[in-house]
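Step one of this worksheet: look at the structure below.
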Amino acid sequence: MLFDAGETLVHPAPSFSELFAAVLLREGHVRDPSDVVAAAEAVYERFSEAARALELWTTSADRSRLFWLDVYQRMLTALELPSRDGLRDVLYREFTDLRNYALFDDVPPALDALDRTGATLGIVSNYEVWLDDLLRHLGVRERFPVRVISGVEGIEKPDPAIYRLALDRAGVRAADAAFVGDNPEFDVEPAAALGMTPVLIDRRERHPAFDGVRITDLRDLARALEAA
């Protein structure tokens with residue numbers, strides 16, 4: 001059983017948009033939460049742009065920083081806020097601070113249930129090298145004996161090579177593996193193309209019309225796989 005990490009297992013606490021808004025408020029900028037949520041669409045747009053351009057943005061600290069500074073600039077522009085006065089750097093520091101992250105509430109019970117089945121658990125994630133430290137900080141690193149992190153391996157989803165690497169390390173065939181993630185473009189389509197069973201975790205109801213295995217709570221994973 002393989003998982004994406006960001007917005008699947010872990011998240012900025014309390015959420016990306018709420019943390020972003022809190023940083024703005026602390027820096028003297030008041031914005032309506034709904035406007036911050038709308039501006040946060042820049043994150044998903046930037047991910048898609050990177051994938052289409054085969055841009056590896058997690059594979060070095062400098063690339064990651066430039067990627068996220070671009071995201072924050074787009075968001076600040078949408079919010080009619082300055083982006084050249086150091087605010088982007090403040091946001092970058094906050095979003096790379098391990099203390100600002102948490103597991104989703106449904107993760108521990110879901111992992112407990114999977115452990116009882118004897119399934120091998122793994123992570124395949126487009127994430128910087130510090131994801132390993134974050135998983136340790138959150139107390140779940142050892143629950144995932146297979147960890148394929150793009151910032152460590154130098155390959156990123158949706159490249160099929162990153163999934164194959166995880167399958168090789170787990171010692172399983174694609175047909176015997178499931179992949180759980182929150183992004184159809186990065187998590188569902190590539191996994192399905194390799195013959196894995198993809199599951200979309202859609203906690204924020206972004207993809208209500210998704211035609212496939214879709215859950216909104218990770219505790220429903222076993223039931224969804226049985227019905228697939």
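Below, each value reflects all heavy atoms present in this structure, side chains not excepted, and no hydrogens, waters or symmetry copies.
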### Task
Any chance you could lay out the side-chain contact (heavy atoms from CB on, under 4.5 Å) test for Met196 and Leu2, step after step, and finish with the verdict?
CA-CA 10 Å; Met196 303 168 68; Leu2 301 174; 3.6 Å; yes
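- For the atom pair CZ (Arg203) and CG (Leu218), the distance works out to 5.5 Å, reported to the nearest 0.5 Å.
- For the residue pair Glu128 / Trp68, a side-chain donor-acceptor distance below 3.5 Å is found, with atom types taken as modelled.
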### Task
Apply the test side-chain hydrogen bond (donor to acceptor under 3.5 Å, both in side chains) to residues Glu205 and Thr216: give CA-CA distance (whole Å), side-chain angles for both, the deciding distance (0.1 Å), then the verdict.
CA-CA 7 Å; Glu205 303 281 353; Thr216 58; 4.7 Å; no
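- Using modelled atom types, one side-chain atom of Arg147 and one backbone atom of Phe144 make a donor-acceptor pair closer than 3.5 Å.
- Crowding of Asp105 atom CG: a count of heavy atoms from other residues, nucleotides or ligands under 6.0 Å not exceeding 12.
- Residues satisfying the salt bridge (Lys or Arg N to Asp or Glu O under 4.0 Å) criterion with Arg74, sequence neighbours excluded, are Glu49, Asp70.
- Counting heavy atoms from C-beta on, the side chains of Leu221 and Val199 come closer than 4.5 Å.
- Using modelled atom types, no side-chain atom of Thr8 and backbone atom of Ala5 make a donor-acceptor pair closer than 3.5 Å.
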### Task
Kindly determine whether Leu9 and Ile123 satisfy side-chain contact (heavy atoms from CB on, under 4.5 Å), including the steps that lead there.
CA-CA 10 Å; Leu9 301 173; Ile123 286 175; 3.9 Å; yes
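- Dense packing is recorded around CG of Asp32, with more than 12 heavy atoms of other residues, nucleotides or ligands lying under 6.0 Å away.
- Legend: ring pair (Phe, Tyr, Trp, His ring centres under 6.0 Å) pairs involving residues 151-173, not counting sequence neighbours, sorted by first then second residue: Tyr163-Phe179.
- Salt bridge status for Glu41 with Arg46: absent, with no side-chain N to carboxylate O gap under 4.0 Å.
- Remark: Arg169 engages Glu153 in a salt bridge, criterion side-chain N to carboxylate O under 4.0 Å.
- Side-chain atoms of Thr58 and Ser150 include a donor-acceptor pair closer than 3.5 Å.
- Here ring pair (Phe, Tyr, Trp, His ring centres under 6.0 Å) pairs that include residues 95-132, with residues two or more places apart or in two chains, are His11-Phe104, Phe16-Phe95, Tyr72-Phe95, Tyr101-Trp130, Tyr127-Trp130.
- Around CZ of Arg99, the count of heavy atoms belonging to other residues, nucleotides or ligands within 6.0 Å does not exceed 12.
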### Query
Stepwise, does the side-chain hydrogen bond (donor to acceptor under 3.5 Å, both in side chains) test hold for Glu156 with Thr59?
CA-CA 8 Å; Glu156 293 179 354; Thr59 53; 5.0 Å; no
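- Considering CG of Asp97 and NE2 of His137, their distance stands at 8.0 Å, rounded to 0.5 Å.
- Between Arg65 and Asp89, at least one side-chain N (NZ, or NE/NH1/NH2) sits under 4.0 Å from a carboxylate O, which counts as a salt bridge.
- In this structure, CD on Glu189 lies 8.5 Å from CG on Asn183, to the nearest 0.5 angstrom.
- Formation of a donor-acceptor pair under 3.5 Å by the Asp220 side chain with backbone atoms of Ile215 is not found in this model.
- How far NE2 of His29 is from CG of Leu24: 7.0 Å, rounded to the nearest 0.5 Å.
- Between the side chain of Asp202 and the backbone N or O of His207, at least one donor-acceptor pair lies under 3.5 Å.
- The closest side-chain donor-acceptor pair between Asp62 and Ser60, if any, does not fall under 3.5 angstrom.
- Taken to the nearest 0.5 Å, the CG atom of Asn126 stands 11.0 Å off from the OG atom of Ser64.
- Note that the CG atom of Asp187 and the NZ atom of Lys157 stand 4.0 Å from one another [nearest 0.5 Å].
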